[in-house]
2 protein chains.
Amino acid sequence: MYISVLGYAILSLLARASLSGYDVAREMKRPHAFFYGQAQTSQIYPELARLQEAGLISSTVIEQQGRPDRRVYALTPTGLRRLRRWLVEPTPIAEARSELLIKAHSLWLADAAEALVQFAEHERYHSRQLDVYETQMAEMEQHFGPELALMDSPRFGDYLTLTRGVGYEREYVGWLRWVIAILEQRARRDG
Amino acid sequence: MYISVLGYAILSLLARASLSGYDVAREMKRPHAFFYGQAQTSQIYPELARLQEAGLISSTVIEQQGRPDRRVYALTPTGLRRLRRWLVEPTPIAEARSELLIKAHSLWLADAAEALVQFAEHERYHSRQLDVYETQMAEMEQHFGPELALMDSPRFGDYLTLTRGVGYEREYVGWLRWVIAILEQRARRDG
DNA sequence: TCGCTCATGTAACATGTTACATGATTGG
DNA sequence: CCAATCATGTAACATGTTACATGAGCGA
């Protein structure tokens, strides 16, 4: 049985902790999980059903009072083996489409002052993301120190991806500010 | 009539030059157009038909000997207006899913030496991309110099996106090498 | 009272990928 | 001789998004 990337993403979360479908969706929305994309529950619930049918995860219903029952999923030994195999398989290289970059590429056609607005908006968003990542990074380094690179716990994964998050956002915010400065210069010129 | 991001991407290419469906696909595959994603002709041809039906582009058939005729599309005045409007509209912020980052997040479960291979592969690919971008950047700066930031030609768009390409790949390659060094260290330890 | 969180799902739609059909020319 | 390039498309499938259904509790 074929497993989609979303399927493996779910398995990788369940390797850290057992979760309900609702939890999986919430985990993927957390800022430090930026690389998961934000899958909707309408995609997650059917995917969980498929993974269970394939025997990679199991579920138990936990009854609750006042709120709906939770169906909590856990990774099976088969699921863990399957995940481990995927981890060392070659990963396809895919360059994603970026709507803002397509616009940047056409900025010679636009009014600088008007175009500037959305770049400023993205700058604000990514500055805040950078801030969040840097804070979490500092906390993690304080707790674990240079051991992080040698750990065999989920912290090691967090360390690798958070470092990427900080680097990515720092570089992106730098570029956004550079574009904004150029657009301001052009706006002044075009008056 | 609603236009998809792919539709606008096509319009933005046709604002620079008239192209056939085949040309559009080829343009989107060129390395300096990394942010367009790589749309397939099976998506491009129907999209071109829709854009023409909406009156945003027009087409003329050019007969050729020895090879199939070309249908060349050009942006109409309506299409240009529509594109210009889109350029200054707010752009949704979307964090894309990254398969390699999901794997990095789970690397505490994997054998370091085995996992290393694909990171090395990605490092090779992105090093080459960086090289291509830097070469093109150097050429562009030699031809146009600091005027680039003030130009009202497609060169301005190229300048903005190429700068992003260089920054992105430089930071990504740096991170990949850092991960590889850590995995090598762990591989030696685990022996 | 209004909207948010918790909780699980279905239906319809939009977008993107893979495979196929057709066929001449060109380069290794 | 084989594969790639040029050139336009269709069909089937996979993936992702938006909207809806249901309903209790909780805080402003």
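By convention in this document, chain letters (A, B, ...) are assigned in the order of the sequence lines, proteins followed by strands, and residues within each chain are numbered from 1. Remember, predicted model here, so these are calculated numbers, not experimental data.
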Atom-pair distance ([atom1] on [X]; [atom2] on [N]), nearest Å:
{"X": "A:E47", "N": "C:dT10", "atom1": "CD", "atom2": "P", "result": "14 Å"}
{"X": "A:Q40", "N": "C:dT15", "atom1": "CD", "atom2": "P", "result": "15 Å"}
{"X": "B:Y45", "N": "C:dA21", "atom1": "OH", "atom2": "P", "result": "18 Å"}
{"X": "B:Y36", "N": "C:dG16", "atom1": "OH", "atom2": "P", "result": "15 Å"}
{"X": "A:E63", "N": "C:dT8", "atom1": "CD", "atom2": "C1'", "result": "15 Å"}
{"X": "B:I62", "N": "D:dA7", "atom1": "CD1", "atom2": "P", "result": "10 Å"}
{"X": "B:Y8", "N": "C:dA14", "atom1": "OH", "atom2": "P", "result": "15 Å"}
{"X": "A:L6", "N": "C:dT15", "atom1": "CG", "atom2": "P", "result": "20 Å"}

Tell me whether the side-chain N/O atoms of [X] come closer than 4.0 Å to OP1 or OP2 in [N].
{"X": "A:Y2", "N": "D:dC13", "result": "no"}
{"X": "A:R97", "N": "C:dG16", "result": "yes"}
{"X": "B:R67", "N": "C:dT25", "result": "no"}
{"X": "A:Y22", "N": "C:dT8", "result": "no"}
{"X": "A:S20", "N": "C:dT8", "result": "yes"}
{"X": "B:Q64", "N": "D:dC6", "result": "no"}

* On DNA chain D, nearest-nucleotide positions of A:V5 versus A:T41: which is more 5'? ->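 Here A:V5 is the residue nearer the 5' end.
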
* Start at the 5' end of DNA chain D and walk down; is the nucleotide closest to B:S42 or to B:R26 reached first? ->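 With B:S42 and B:R26 compared, the 5'-side residue is B:R26.
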
* Step by step, would you call A:E27 with A:R30 a salt bridge (Lys or Arg N to Asp or Glu O under 4.0 Å)? -> CA-CA 5 Å; A:E27 281 300 313; A:R30 292 178 64 183; 3.2 Å; yes

* Asked: Among D:dA19, D:dG16, D:dT8, which nucleotide sits nearest the side chain of A:Q43?
  ->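 So the side chain of A:Q43 is nearest to D:dG16.
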
* To do: Would you mind telling me which of C:dG16, C:dA7, D:dG9 lies closest to the side-chain atoms of A:R70?
  =>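 In terms of side-chain proximity for A:R70, the closest of C:dG16, C:dA7, D:dG9 is C:dA7.
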
* When the ring planes of A:Y172 and A:Y168 are compared, do they come out parallel, tilted or perpendicular, using 30° and 60° as the limits? ->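 Geometry flag for A:Y168 against A:Y172: tilted rings.
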
* To do: Kindly say whether A:G145 contributes a backbone atom to a donor-acceptor pair with the side chain of A:E141 at under 3.5 angstrom?
  =>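 A pair under 3.5 Å: no.
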
* **From CA spacing to verdict: side-chain hydrogen bond (donor to acceptor under 3.5 Å, both in side chains), B:Q129, B:Y133** => CA-CA 6 Å; B:Q129 289 295 107; B:Y133 301 162; 2.9 Å; yes

* Do you know which two heavy atoms are closest between B:E134 and B:R170, and how far apart they sit? ->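 In this case the closest contact between B:E134 and B:R170 is OE2-NH2, 2.6 Å.
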
